[in-house]
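Contents: one structure, followed by commentary.
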Amino acid sequence: MPDARPDALAELSPQQREIVALAARGLTNREIGEKLYLSPRTIGSHLYRSFPKLGVTARAQLRDLVDGRPAPL
């Protein structure tokens, strides 16, 4: 995750930050959607737009990014 930027979280909208935080905890799009009263497709769209801003390419990278841990080598 060489391009991941924890400071990039500040560039996301409040809703995107909440979705990213829930995804980092391991919730599925459906589970996140149920919590936020949004469709799973809307959740996927928010994550799709958030990944490039955060510099991540996989959902599994979100946990370390949100927790502020360095990426494993």
Side-chain angles (χ1 to χ4, degrees):
M1 184 170 58
D3 296 333
R5 300 179 14 240
D7 61 321
L9 286 170
E11 296 177 21
L12 302 179
S13 71
Q15 188 173 46
Q16 286 174 326
R17 280 194 300 273
E18 186 172 12
I19 290 168
V20 165
L22 291 170
R25 288 180 31 206
L27 275 68
T28 65
N29 287 4
R30 180 176 299 247
E31 293 168 332
I32 296 168
E34 288 172 0
K35 283 186 170 293
L36 302 179
Y37 303 103
L38 298 169
S39 76
R41 286 186 66 171
T42 299
I43 301 301
S45 176
H46 279 294
L47 289 171
Y48 179 80
R49 289 191 307 255
S50 298
F51 276 29
K53 292 178 185 177
L54 297 173
V56 298
T57 56
R59 194 177 185 117
Q61 296 171 308
L62 294 176
R63 180 178 41 105
D64 292 337
L65 180 72
V66 169
D67 289 345
R69 290 185 246 178
L73 297 177

Tell me, do Gln15 and Leu38 make a side-chain contact under 4.5 Å, heavy atoms counted? yes

Once side chain to side chain donor-acceptor pair (under 3.5 Å) is applied, what residue pairs with a partner in residues 36-45 remain, sequence neighbours excluded? Ser39-Thr42, Ser45-Arg49

I need the Leu9 CG to Gln16 CD distance, nearest 0.5 Å. 10.5 Å

Which pair of non-hydrogen atoms, one from Asn29 and one from Arg59, has the smallest distance, and what is that distance? OD1-NH1, 2.8 Å

Flag, side chain of Glu34 to backbone of Glu31, donor-acceptor distance under 3.5 Å: no

Run the side-chain donor-acceptor check on residues 17-25: report pairs under 3.5 Å with partners two or more places apart or on a different chain.
from  : atom 1 : to    : atom 2 : distance (Å)
Arg17 : NH1    : Leu12 : O      : 2.5

Ignoring hydrogens, what is the shortest heavy-atom contact between Leu62 and Phe51? Give both atom names and the distance. CD1-CE1, 3.9 Å

Under the 3.5 angstrom rule, does the side chain of Gln61 hit a backbone N or O of Ala58 as a donor-acceptor pair? yes

